[in-house]
Every structure is written in C-alpha cells, then in structure tokens.
Amino acid sequence: LIRIEAFDNYMFKTNRRYGGRAILLREYPELEKRLVERELEILAHMHDAAKALDVDFYAFIIPFRVQSLKAGLLDKDKYDYQKPNRILRDFFKKRDIPCLDFLQVYDQMEPKTVKSFYYRKDMHWTADGHRHAAETLTRFLCETNKQFKPTSGN
C-alpha cells in the first residue's frame, strides 16, 4: 500500500508512518543522532582531504521530493522539513564552505514549477529539473568564485 501515493500521503499526514522520513523528525531518535554525527564526520574528512590537496570544496544540497513537494503534509509538531538542510548548512558555514541549498531556492518558487522538476513516481529530476539546477549552479559558482565564467548557450 505504501506504493499507492494517496495512501502513503494519508499515512504520513496522520503520523502512522514516516518510513525513510526519519531525517525530518523534529526530535531525532538516538540512532538518527548518531547517523547525523557520522555523516558530519565523513564530510569533515572529505573537506580536510580537499584542503590538504589545495582543492576547492563546494556543497550543493539537493532536497528529496518529500521536502520539496509535500512539506504541507507534515505535522509541524513532529516534523521539520528543513532540519536536515539546516544541519548541513550550519556545518558548511562553520567550515567556511560555500553552500547552495536547493530547498531554499525551491521554497521561493511556485510549487507547480518545483513539481515539474521531479518525476511523478520517482525521486529524480526531470529534464526541466536538471536545466534549472545547471542554471542555478552556474550562477552560484560565478558569484562565489570569480574564476568561474558563465558561458553563452546551453
């Protein structure tokens, strides 16, 4: 039944199921807290390795479909759809890592437009989603680092 979107949305909205959405819980269970800590440790190692090799390091946070399109279904007392992104943004800010969070971009857009960025039955971007991401990333990189130059065309 969880593959039937309307049923899954109902279960999610009525707090009977959160499945893989534990990352959106306002209060993390112990396992989720440990997973977040481990993820940040791994990101710190990756950043340290890049710095040691004098390689630029940028972060791009891509929201999953539920965050982008179904935040309104969340019980606000139990869930915070921005929490995982906020944790990452805070981490990147502390390390002075340029970060682009697409959820912040999407929150400023019409939901119908954002919906066109994702396949209906899939978590991946459509051609429109990829095009928007490329344009947004290009703008971000050009504003963040003057070594990047926008090109004309596609």
Response to the item:
To the nearest 0.5 Å, atom CD of E32 lies from atom CD of E39 at 9.5 Å
Worksheet item: Should R38 and R34 be marked as a side-chain contact (heavy atoms from CB on, under 4.5 Å) after you check the CA-CA gap, both sets of side-chain angles, and the distance that decides it?
Response: CA-CA 6 Å; R38 184 64 183 135; R34 288 196 311 270; over 6 Å; no
Item to complete: Report, as yes or no, whether the 6.0 Å neighbourhood of atom CD on E41 holds more than 12 heavy atoms from other residues, nucleotides or ligands.
Response: yes
Worksheet item: Just wondering, do Q104 and Q108 contact through their side chains at under 4.5 Å, heavy atoms?
Response: no
Practice prompt. Indicate the atoms forming the closest heavy-atom contact of Q147 with N145, along with that distance.
Written response: N-OD1, 2.8 Å
Fill in: Under 3.5 Å: donor-acceptor pair, side chain of Y28, backbone of I23
yes
Practice prompt. Would you name the heavy atoms of P29 and L25 that are closest together and state the gap between them?
Written response: CD-CD1, 3.9 Å
Discussion item. Test of understanding: with side chain to side chain donor-acceptor pair (under 3.5 Å), list the residues that count as partners of H124, not counting sequence neighbours.
Written reply: D122
Discussion item. Test of understanding: clusters of I, L, V, M, F, W, Y form through side-chain heavy atoms closer than 4.5 Å, transitively. Do I42 and I87 belong to the same one?
Written reply: yes
Quick one: side chains of residues 91-103, donor-acceptor pairs under 3.5 Å with protein atoms, not counting sequence neighbours, listed by atom name and distance.
from: R95; atom 1: NH1; to: H47; atom 2: ND1; distance (Å): 2.8
from: R95; atom 1: NH1; to: D48; atom 2: OD1; distance (Å): 2.9
from: D101; atom 1: OD1; to: N85; atom 2: ND2; distance (Å): 2.8
from: D101; atom 1: OD1; to: L103; atom 2: N; distance (Å): 2.9
from: D101; atom 1: OD2; to: N85; atom 2: ND2; distance (Å): 3.4
from: D101; atom 1: OD2; to: R89; atom 2: NH1; distance (Å): 2.5

Worksheet item: What about F57 and L53, same hydrophobic cluster or not, with Ile/Leu/Val/Met/Phe/Trp/Tyr joined at side-chain heavy-atom distances under 4.5 Å?
Response: no
Response to the item:
Nearest heavy-atom approach of K149 to C142 is C-SG, 3.8 Å
Discussion item. For the CZ atom of F60 and the OG1 atom of T136, what is their distance to the nearest 0.5 Å?
Written reply: 11.0 Å
Discussion item. Between Q67 and F64 (side chain of the first, backbone of the second, donor and acceptor by atom type, cut-off under 3.5 Å), is there such a pair?
Written reply: yes
Worksheet item: From D77 CG over to E27 CD, what is the distance, rounded to the nearest 0.5 angstrom?
Response: 11.5 Å
Practice prompt. Using modelled atom types only, decide if a donor and an acceptor are shared between the side chain of R65 and the backbone of R120 within a distance under 3.5 Å.
Written response: yes
Practice prompt. Go through the steps for H132 and V105 under the test side-chain contact (heavy atoms from CB on, under 4.5 Å), then give the verdict.
Written response: CA-CA 11 Å; H132 176 264; V105 174; 3.8 Å; yes
Worksheet item: Do Y58 and T144 have side-chain N/O donor and acceptor atoms under 3.5 Å apart?
Response: no
Worksheet item: Can you tell me how far OG of S116 sits from CE of M109, rounded to the nearest 0.5 angstrom?
Response: 7.5 Å
Item to complete: Any chance you could lay out the side-chain hydrogen bond (donor to acceptor under 3.5 Å, both in side chains) test for D107 and Q82, step after step, and finish with the verdict?
Response: CA-CA 10 Å; D107 279 350; Q82 293 186 7; 3.0 Å; yes
Discussion item. Could you list the cluster mates of Y119? Members are the ILVMFWY residues connected by side-chain heavy atoms closer than 4.5 Å, either directly or through other members.
Written reply: none
Worksheet item: If you draw a 6.0 Å radius around NZ in K115, do more than 12 non-hydrogen atoms from other residues or ligands fall strictly inside?
Response: no
Worksheet entry | Stepwise salt bridge (charged side-chain N to carboxylate O under 4.0 Å, His left out) test for K33 and E30 | CA-CA 5 Å; K33 287 178 188 175; E30 281 307 309; 3.3 Å; yes
